[in-house]
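Heads up: the structure comes next, in structure tokens.
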Amino acid sequence: MPKAPDPITRDLWHVVAATDELKIGLIETTLLLDRRLAMTRGLDGEPVVWFATDEENGDDIDADSVLDRLPVKTAYGYTWTCLGTPSAELFPIPEFAEADRVNMSCGSIGIHVSAPRAVENFLDMGHFPYVHTDILGSEPHTEVKEYDVEVSEERDEVLATKCKFMQPRAAKSATQAMEVEYVYRVPHPFCSVLYKSCPEDESRRDVIGIFLQPMTEETCRAHLLQSMIDSTSTITDLRRFQQTIFGQDKPILENQYPKKLPLDPRAETPIRADKSAIAYRRWLSQKGITYGVIPQAS
Amino acid sequence: MTITLYDFELSGNCYKLRLLMNILNVPYAIHPVDFFPGREHKADWFLRLNPFGQLPVLKDDDLVLSDSGAILAYLAKKYDTSGQWFPDDPAVTAEILRWHAVADDISATSSAARLALGYSYPFDIEKSQKGAHRIFRILDEHLWFGEKAGRDWLCAPAHPTTADIACFPYVMLSEEGGISRQDYPALRRWTDRVRRIPGFMVMSGIFPAGPAKT
Ligand SMILES: N[C@@H](CCC(=O)N[C@@H](CS)C(=O)NCC(=O)O)C(=O)O
Ligand SMILES: [Fe+2]
């Protein structure tokens, strides 16, 4: 029997699907915090989520017939739910509402690793030249330069700024190598959002979100969001770019051991665990998150 | 000639064709298809190219082809001046087609497990994994005896053929389907040899071979 999630995790909003990809009148099943969920959309297009009993993936359903529902929120093109008592708000991504942005899901991809490991990999620039060779990095430009990390008290999120990296192909819209400046936010224990210089418009930043759905302590689904300034590429092109990157991360992530993220600062030699990773681990510890992590011995 | 490959980056079946065209130095254009999450291979325009609704599709001028194994044979026969990738010898042709069929079985098992775990396809994970292990066991043995007999590749010739290209991707991607290759050392050595073929290229999820052991 899996252990019950810690109360913080239980009360969080968790992403479960790209809203548009849920078919009206058809059931899709998934796993959240070791519980099997069923989801669909009603004729009004609104998602409905509930604890699955004997429902199977692909079954027909009239959403109106589902009475015992879990709370639902839709945000950033995704459907979110909560197994406990949710807070009112989900973290903000104000850029998403800017009229000229191209917003898209890039697929929900299952990975055999804990959600916090996936967040930590997202924050790590050190792997760019080795894993995303000739796209997000290339040798000999392998050094991660000094950057700033803080935990914003007001917003309760980890924030890394002034992260600079030389990138051969920073985005689909890039036509040449450029030094890219990144800002990383971790506004949710299992979600991160990055901002990077936009090749098409120097004054703006592309936004990429990774929202992890903790399925079990050692497996999750990564839901990828792109909110781009790009006036020429198609959605298919933009998705392909992001999926290429994520497809490279996948085997690396799945080879991590242990699959849960150790929070004890002495547990792993900090080659990978750089400054933002240390701040992230400490922040999870202080919050009392125990799901998908190996908590610090007290 | 103008070749267009209707392609999805994360598809091993599409990668087979990118790989052979790269090895043969055949120029081609990519038409990206939003296989996931868009399911564009089931869209009307795509079904007109391939009524089976499957990637890859390759267009060479006005000729429209589907099925990765068939296209590998076509590309080799048409563009491989060395004649090595799909030789004319009847016995070798039969041998290659035999392994193309195995490649389909690897897709139906190893790729199915990967689609189930990674892309939420409603396939039977355990059954797919078992099926892949059964094939990998036979492949490993075939390659192990081959090594003893001085044969490095799946078929008899002293060089790789399209059989090796066809079987390679979903062997390499098996771990995404929860299928470990730890117990198949000869299979692993073969994947290293494939990755050292001149003109080899990677796809997302497959990394180059490490430096050769001397
Ligand atoms: N025998 C075919 C199999 C192709 C195949 O399974 N393609 C997958 C993508 S890698 C596909 O399009 N599947 C969709 C479907 O079968 O409906 C080949 O080798 O080309
Ligand atoms: Fe990465």
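Letters A, B, ... are given to chains in the order of the sequence lines, protein chains preceding strands, and every chain is numbered from 1. Every value quoted in this text rests on a predicted model; they were computed, and no experiment measured them.
Residues B:Pro37 and A:Arg239 have side chains in contact (heavy-atom distance under 4.5 Å, counting atoms from C-beta outward).
Within a 6.0 Å radius of NZ in B:Lys127, other residues, nucleotides and ligands contribute 12 heavy atoms or fewer. Few gaps surround CZ on B:Arg188; more than 12 heavy atoms of other groups in view lie less than 6.0 Å from it. Sparse packing is recorded around CZ of A:Arg35, with 12 or fewer heavy atoms of other residues, nucleotides or ligands lying under 6.0 Å away. Within a 6.0 Å radius of NZ in B:Lys59, other residues, nucleotides and ligands contribute 12 heavy atoms or fewer. Atom CZ of B:Arg137 has more than 12 heavy atoms from other residues, nucleotides or ligands within 6.0 Å. Under a cut-off of 6.0 angstrom, the local environment of CZ in B:Phe145 is sparse, with at most 12 non-hydrogen atoms contributed by other residues, nucleotides or ligands.
Within the 4.5 angstrom heavy-atom criterion, only side-chain atoms of A:Glu21, from C-beta onward, approach chain B. Of the two parts of B:Val202, neither the backbone nor the side chain holds a non-hydrogen atom closer than 4.5 Å to a non-hydrogen atom of chain A. With a 4.5 Å cut-off on non-hydrogen atoms, B:Leu117 touches chain A through its backbone but not through its side chain. Using a 4.5 Å cut-off between heavy atoms, B:Leu115 makes no contact with chain A at all.
Expressed to the nearest 0.5 Å, how far CD1 of A:Ile109 lies from CD of B:Glu176 amounts to 9.0 Å.
The closest donor-acceptor contact from the side chain of A:Gln243 to the backbone of B:Phe36 lies under 3.5 Å. Of the possible polar contacts, one joining the B:Ser204 side chain to the A:Gln248 backbone as a donor-acceptor pair under 3.5 Å is found.
A:Gly247 approaches B:Leu10 most closely through the heavy-atom pair CA-CD2, 4.1 Å. The heavy-atom pair separating B:Val33 from A:Thr236 by the smallest distance is C-CG2, 4.0 Å. Across every non-hydrogen atom of B:Phe207 and A:Tyr130, the tightest pair is CE2-O, 4.3 Å.
With B:Pro32 as the fixed residue, the side-chain contact (heavy atoms from CB on, under 4.5 Å) test singles out one of A:Leu238, A:Thr234, A:Asp237: A:Asp237.
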* Please step through salt bridge (Lys or Arg N to Asp or Glu O under 4.0 Å) for the pair A:Arg240 and B:Asp7, ending with a clear verdict. => CA-CA 10 Å; A:Arg240 181 179 171 103; B:Asp7 183 56; 2.6 Å; yes

